[in-house]
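The structure appears below as structure tokens.
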There are 4 protein chains.
Amino acid sequence: MTADPVTGLRADARRNRDQILAAAKQWFAVQGPDVPMEEIARAAGVGIGTLYRRFPDREALIQAVARDSFEKALAEARAAVAEEPTAWEALVRFLHQSQELRLTMQLAMTSPPRIVLRDDEERNELRRALIEVLDTVVHAAQAEGTLRGDIDTGDVAMVFALLVRQVPKTHDTVAGLAAERCMALILDGLRAPSSGAPLPGQPITAEDIGP
Amino acid sequence: MTADPVTGLRADARRNRDQILAAAKQWFAVQGPDVPMEEIARAAGVGIGTLYRRFPDREALIQAVARDSFEKALAEARAAVAEEPTAWEALVRFLHQSQELRLTMQLAMTSPPRIVLRDDEERNELRRALIEVLDTVVHAAQAEGTLRGDIDTGDVAMVFALLVRQVPKTHDTVAGLAAERCMALILDGLRAPSSGAPLPGQPITAEDIGP
Amino acid sequence: MTADPVTGLRADARRNRDQILAAAKQWFAVQGPDVPMEEIARAAGVGIGTLYRRFPDREALIQAVARDSFEKALAEARAAVAEEPTAWEALVRFLHQSQELRLTMQLAMTSPPRIVLRDDEERNELRRALIEVLDTVVHAAQAEGTLRGDIDTGDVAMVFALLVRQVPKTHDTVAGLAAERCMALILDGLRAPSSGAPLPGQPITAEDIGP
Amino acid sequence: MTADPVTGLRADARRNRDQILAAAKQWFAVQGPDVPMEEIARAAGVGIGTLYRRFPDREALIQAVARDSFEKALAEARAAVAEEPTAWEALVRFLHQSQELRLTMQLAMTSPPRIVLRDDEERNELRRALIEVLDTVVHAAQAEGTLRGDIDTGDVAMVFALLVRQVPKTHDTVAGLAAERCMALILDGLRAPSSGAPLPGQPITAEDIGP
DNA sequence: CATGAATGAGTATTCATTCAT
DNA sequence: CATGAATGAATACTCATTCAT
């Protein structure tokens, strides 16, 4: 039962690992993936050596954060599907809750590819599961008539990937609502039966975006 | 007449300055704002010393790139307004053309504020002019009935800021069209008369987002 | 009876100690005296803590390895003397067998004195005993007429110290024999009645090299 | 004329490069190849950055030292051949002078292969040239009748490689002469027409040891 | 003015050793 | 006692910036 390299840790080691992961997640979110490792160690309340014992280098740490985020995002997605009355509401809730997804996206899809994550089968697995859930909801929403019919899962993922990037907080007065309004506008774009020119190309399916 | 610190340069110095600016723009676009200065110097075909003679430090270089981008974006915006038959089409063209704007946004509004640009009156001036143009177009489009009425310039700027970030290019097959489809979907969100719940909060005006 | 810090150990502790010693000897031979301590612990199949319980620091471990090697080399030397028909053959056999001596030399006499061993009376005792045996054999060989007369024990020790360093293995074809040929050539130098210029200085005696 | 990356340096840069090389050679000789880089920089009287500008990493520095040593050793060998009346004397002088060769050997042939030098064509070229000179002298000495006939260049190189390692300086009184005596003994082994059992295997030729 | 050399502060990473479980 | 986690000092290497040529 203690085979899993993570669960099979001594209680204190386990706690440290979690703290490091949490600290890293925090810092990655505010400073991007090249925060000083010491900063992370300090935030986690451990020595730099401890951090490196758990994660042999920066890449390993990022991988771990990414996995963790995908895991949590997947759980959130499933909860949304299970608890919301309509597929549309599940989509919306998913998008709103997804702080986790946001970080994942920032780390993994940041357009200047500062860090290319090595292939990680476990992470890919999680990713696939996540897309699968999205796929289901998308089609359900289209069946409901709440999501326009000329798009597919890949399109939705694209838009999500965009939205999930932090909307820039400019001035404090408008900050809070600005993000909400952005989401609402874009959701309107998804919901509306195409009111203008037809979309270019073909719907982008789940297969199109996943390996 | 040699008072302007930029125009009053010897021809070769001027050429150097331009090459540096171009190289920096290029590199910033692919690697973000912390590319090694030497990289930029090399790409510009000048020595590192020359770069530092022109731009006393990294911040100054970024400032200059930002100004330059705002300038070009402003010109593009004005051209779009002047040449397109409708305000809506001006908006769309502006968004499509705006490679310049993209970079500006990436540099200045990147959500983890890795680099906070010092206040720069000239750049702010350009920014104001740019927003002014946008403001005009937005209201014109609303008057045309092509842009929904429950939003204002700030909302549009927000959505642009989002869109303008490079849509992640996943698989080559879908890459090209994905970005186009994203834009189209989001434009539909702007164009549509609100088809669902009303937007939260008040329209965000040009003043709300300006310094 | 449990006074001896080494023999008075519980059986398992004793076994651990031996395994550590063996692992250390192995690693020192291939990587020199600064292999990571963890490497040694791993090779010994014990935890790093256990290693440090037995040997308070790296130096102590090296000391122990050195003692152990001297002990074994001494035993080998005595066996050679006892079993070979002539003193010369004892010398030759000693040199060929002495894997143990080789390591000892590498650890203790390595010319860039990366590690200066603290004085260790027990080890010195062993060393003296070893030199004593060598001294006897050298003089016996000279009496036999098989070893040239213008040298003494210290000279032989010097040459041994040299020879005992691993002859570099260059190409596989010649590797095996190269070492043998080297030894043979040098033995010829010892055996030969000086065929050329007289040696500089005086014979180096056992006392000259002993502490 | 300034094409050579080394000779085409500014005077001061050139001086620094030389000082770094000298300092490195010095330190490598006393501490082996993992002296702290800062130590070397300090000894050279330059900043650490300067060291790294000239030699991108430790390996590059070692390579450069090795080349330099081979170069000097080659020059010494040629001088010995040119100036000594007999091939035998050239061999002897070569061996005595070769401080440079000593370091080279220590760096490149150290038996615990702590650092495996990457293949370096220039260095190999020098090495070949060096062996070629040795080859000539060896055969000349055999023609003279001063070197035993049952060996070849490779054998001599092997013995040299051994001898060239610093003979351990034990006690100051004997230190100076010990090394000389060692050499003399071993030279006697080379000179003597085999007075005992024939050497095992075949003569090791220049080709056998060189790539 | 242009150049590229020199500098050193900032970071990543390793490993000997101590200490809680 | 055995274990392996935690610690931090030591060291390699990078890059922004200054300065001599």
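Just so it is clear: chains get the letters A, B, ... in the order the sequence lines come, proteins before strands, and each one is counted from 1. As a basis for the values below, the full set of heavy atoms in this structure was taken, side chains included, without hydrogen atoms, waters or symmetry mates.
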Using whole Å, report how far [atom1] of [X] lies from [atom2] of [N].
| X | N | atom1 | atom2 | result |
| --- | --- | --- | --- | --- |
| B:Arg58 | F:dT14 | CZ | C1' | 12 Å |
| A:Arg14 | E:dT21 | CZ | P | 18 Å |
| D:Ile62 | F:dA12 | CD1 | P | 11 Å |
| C:Leu61 | E:dC15 | CG | C1' | 15 Å |
| A:Asp34 | E:dT11 | CG | P | 11 Å |
| C:Met37 | F:dG4 | CE | C1' | 15 Å |
| D:Asp57 | F:dT11 | CG | P | 18 Å |
| C:Ile20 | F:dC1 | CD1 | C1' | 13 Å |

Worksheet item: Side-chain N or O of C:Arg54 less than 4.0 angstrom from OP1 or OP2 on F:dA2?
Response: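 For C:Arg54, the contact criterion (side-chain N or O under 4.0 Å from OP1 or OP2 of F:dA2) is met.
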Practice prompt. Give a yes/no answer on whether the side chain of B:Asn16 brings an N or O atom under 4.0 Å of OP1 or OP2 in E:dA2.
Written response: yes
Item to complete: Between C:Pro56 and A:Pro56, just flag the one whose closest nucleotide in DNA chain E comes earlier from the 5' side.
Response: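 By nearest-heavy-atom nucleotide position, the 5'-most residue is A:Pro56.
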Worksheet item: Nearest nucleotide by nearest heavy atom, which residue falls closer to the 5' end of DNA chain E, D:Glu38 or C:Glu38?
Response: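 Final value for this comparison: D:Glu38.
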Identify which nucleotide among [options] has an atom closest to any side-chain atom of [X], counting heavy atoms from C-beta outward.
| X | options | value |
| --- | --- | --- |
| B:Arg53 | E:dC1, F:dA5, F:dC15 | E:dC1 |
| B:Tyr52 | F:dC13, F:dT18, E:dC15 | F:dT18 |
| D:Ala13 | E:dA16, E:dA6, F:dA5 | E:dA6 |

Fill in: Bracket notation of DNA chain F in which parentheses pair within the strand, [ ] cross earlier pairs, and | pairs with another strand (Watson-Crick or G-U, under 3.5 Å)
.||||||||||||||||||||
Discussion item. Using every non-hydrogen atom in the two residues, find where A:Tyr52 and A:Asp57 come nearest and quote the distance to one decimal.
Written reply: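 Distance-wise, the nearest heavy atoms are CE2-CA, 4.1 Å.
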Fill in: Which atom of C:Trp27 lies closest to which atom of C:Ala43, heavy atoms considered
NE1-CB, 3.4 Å
Worksheet item: Considering residues at least two apart in sequence or located in another chain, which fulfil the side chain to side chain contact (heavy atoms under 4.5 Å, CB included) criterion with C:Ala44?
Response: C:Gln19, C:Ile20, C:Ala23, C:Val46
Side chain to side chain donor-acceptor pair (under 3.5 Å) partners of [X], counting only residues at least two apart:
| X | value |
| --- | --- |
| B:Glu39 | B:Arg42 |
| A:Glu38 | none |
| A:Arg53 | none |

Item to complete: May I ask you to list the residues of residues 42-51 of chain B, by number, that have any heavy atom positioned under 4.0 Å from an atom of DNA chain E?
Response: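 Of all residues in residues 42-51 of chain B, the ones placing a heavy atom under 4.0 Å from DNA chain E are B:Val46, B:Gly47, B:Ile48, B:Gly49, B:Thr50.
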Fill in: Minimum side-chain heavy-atom gap D:Gln63-D:Phe55 below 4.5 Å
no
Discussion item. With heavy-atom distances below 4.5 Å as the criterion, would you say the side chains of B:Glu71 and B:Arg123 are in contact?
Written reply: no
Item to complete: Kindly determine whether B:Arg15 and B:Asp12 satisfy side-chain contact (heavy atoms from CB on, under 4.5 Å), including the steps that lead there.
Response: CA-CA 5 Å; B:Arg15 184 159 13 85; B:Asp12 56 345; 3.6 Å; yes
Practice prompt. Evaluate side-chain contact (heavy atoms from CB on, under 4.5 Å) for D:Gln31 paired with D:Gln26, printing each intermediate quantity in order.
Written response: CA-CA 9 Å; D:Gln31 289 265 340; D:Gln26 202 91 58; over 6 Å; no
